[in-house]
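All figures in this text were calculated on a predicted structure; none of them were measured in a lab. Every chain is numbered from 1, with letters handed out A, B, ... down the list of sequences.
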Amino acid sequence: VIVGTALIRMYGVCGCLKEAEILFDRVSDKDIILWNCMIALYVEHKKSSQALVFFHQMLGEGVLPNKVTCSSLLNAYGSENELAMGKKMHACCVGSNYELDMVVETALIYMYGKCGCLEAAHLLFDRMHVRDLVAWTTMISLYAQQEHHCKALQLFSQLQQESLMPDIVTVVGMISACASEEALFICKQVHACVMVTKLASDTVLGNAFISAFNKCGSLKEALTCFEQMTKRD
RNA sequence: GCGGGAUG
């Protein structure tokens with residue numbers, strides 16, 4: 001089963017879900033890890049309904065879900081805007097004390113945020129006992145994607161006051177949804193922050209800034225950014 | 001051997 005799971009996951013991450021499923025069907029004693037693996041693969045590939053089919057098959061075979069199962073399903077509900085289902089899952093997580101797991105907490109924040117409940121998401125974020133960079137980035141990206149750039153920027157500077165360093169995901173999450181003249185200010189602020197860090201020399205990030213400045217209607221800033229890059233591709 | 005964040 002262990003080798004099988006590793007193999008199945010390998011096929012899955014390469015996008016070969018059919019091959020993965022053929023192998024999956026041939027495993028006789030499917031354990032929770034194998035089921036979780038299968039569910040997570042289908043969620044990753046945006047095939048949430050198929051992931052749910054596996055989930056129900058799993059329950060039908062008497063295998064109980066754990067917090068790994070829950071975090072995968074929360075992701076599915078988030079990307080499908082299934083708020084009602086997400087709330088049910090939230091209740092399950094509370095009942096099982098999974099809500100104290102940082103991964104589950106972050107998945108809950110993602111689910112609520114994606115379903116348009118930014119307030120609920122932020123409330124959960126505030127109630128977390130420990131917030132790592134992924135939790136911060138999740139919250140920031142949710143705000144940014146829903147055009148609350150000021151809220152995102154506010155969190156972005158708060159994060160740094162907590163002596164955490166934003167990484168590429170955080171920064172791209174901040175700027176990738178910037179596409180208006182109002183958001184130009186945001187890009188400038190973030191760019192200034194980034195230029196005094198290690199990320200300043202990152203080519204991928206430089207390209208992301210050029211694209212963002214352009215979308216905000218400032219070819220001038222885009223060019224300045226290009227000129228400041230130490231490496232270009 | 002399985003789970004949480006951005007873009008491509």
Side-chain angles (χ1 to χ4, degrees), chain A residues 1-13 20 23-24 27 29-45 48 51 54-55 58 63-79 86 89-90 92-93 96 98-114 121 124-125 128 130-146 149 152 155-156 159 164-179 186-187 190 194 199 202-212 214-215 233:
Chain A
V1 198
I2 295 176
V3 179
T5 305
L7 249 180
I8 288 166
R9 194 178 113 76
M10 214 201 76
Y11 276 108
V13 296
L23 284 175
F24 175 79
V27 179
D29 290 311
K30 302 180 178 65
D31 64 7
I32 181 68
I33 295 182
L34 178 56
W35 283 107
N36 284 343
C37 183
M38 215 56 193
I39 291 168
L41 285 172
Y42 278 81
V43 174
E44 270 174 40
H45 287 85
S48 301
F54 286 120
F55 176 58
M58 180 185 111
V63 178
L64 293 175
N66 62 14
K67 59 187 180 182
V68 176
T69 326
C70 293
S71 52
S72 289
L73 291 176
L74 283 168
N75 264 121
Y77 295 142
S79 49
M89 186 54 68
H90 187 178
C92 287
C93 291
S96 318
Y98 296 162
E99 43 154 11
L100 306 170
D101 180 288
M102 219 181 0
V103 177
V104 171
E105 286 181 298
T106 308
L108 280 167
I109 290 168
Y110 174 86
M111 185 279 294
Y112 278 112
K114 277 287 188 173
L124 287 176
F125 179 76
M128 285 179 82
V130 188
R131 284 176 283 268
D132 67 1
L133 184 59
V134 175
W136 280 95
T137 303
T138 302
M139 202 62 237
I140 288 172
S141 301
L142 286 168
Y143 274 124
Q145 282 167 6
Q146 294 174 44
H149 297 295
L155 286 173
F156 185 76
L159 167 171
L164 280 171
M165 282 297 285
D167 66 4
I168 292 211
V169 180
T170 319
V171 176
V172 176
M174 265 303 314
I175 65 170
S176 62
C178 289
I186 303 290
C187 289
V190 177
V194 165
L199 293 174
D202 192 292
T203 312
V204 173
L205 196 53
N207 294 339
F209 270 111
I210 292 173
S211 159
N214 177 46
K215 282 191 291 180
D233 63 5

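As judged by a 4.0 angstrom heavy-atom cut-off over every strand, A:Met38 is placed among residues making no nucleic acid contact. At the heavy-atom level, A:Asp31 lies under 4.0 Å from base atoms of the strands shown. Within the nucleic acid shown, A:Val104 comes within 4.0 Å of at least one base atom, counting heavy atoms only. Here A:Ile8 lies out of heavy-atom contact (under 4.0 Å) with every strand.
Distances were taken from every side-chain heavy atom of A:Thr106 (C-beta onward) to each of B:G4, B:G1, B:A6; the shortest belongs to B:G4. Side-chain proximity of A:Cys37 to B:C2, B:G4, B:G3: nearest is B:C2. The side chain of A:Ala135 lies closest to B:G4 when the candidates are B:G4, B:G1, B:A6. Ranking B:U7, B:G1, B:G5 by closeness to the A:Val172 side chain, first place goes to B:U7. Closest approach to the A:Val1 side chain among B:A6, B:G4, B:G1 is made by B:G1 (side chain taken as heavy atoms from C-beta onward). If you check B:A6, B:G4, B:G3 against the side chain of A:Val134, the one that comes closest is B:G4. Counting only heavy atoms from C-beta on, A:Ser72 has its side chain closest to B:G3 among B:G4, B:G3, B:G5. For A:Val103, taking side-chain heavy atoms from C-beta onward, the closest of the listed nucleotides B:G1, B:G3, B:G5 is B:G3.
Here A:Arg9 reaches the OP1 or OP2 of B:G3: one of its side-chain N or O atoms lies under 4.0 Å away. Within the structure, a side-chain polar atom (N or O) of A:Gln145 is placed less than 4.0 Å from OP1 or OP2 of B:U7. For the pair A:Asn75 and B:G5, the criterion of a side-chain N or O lying under 4.0 Å from OP1 or OP2 is met.
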Given the rule in the side-chain contact (heavy atoms from CB on, under 4.5 Å) test, do A:Phe125 and A:Leu155 qualify, once you have shown the distances and angles that lead to the verdict? CA-CA 11 Å; A:Phe125 179 76; A:Leu155 286 173; 4.1 Å; yes
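Defined by atom type and a distance below 3.5 Å, a donor-acceptor pair is missing between the side-chain atoms of A:Ser72 and A:Asn75. Counting only N and O atoms by type, the side chains of A:Thr170 and A:Asp167 include a donor and acceptor under 3.5 Å apart.
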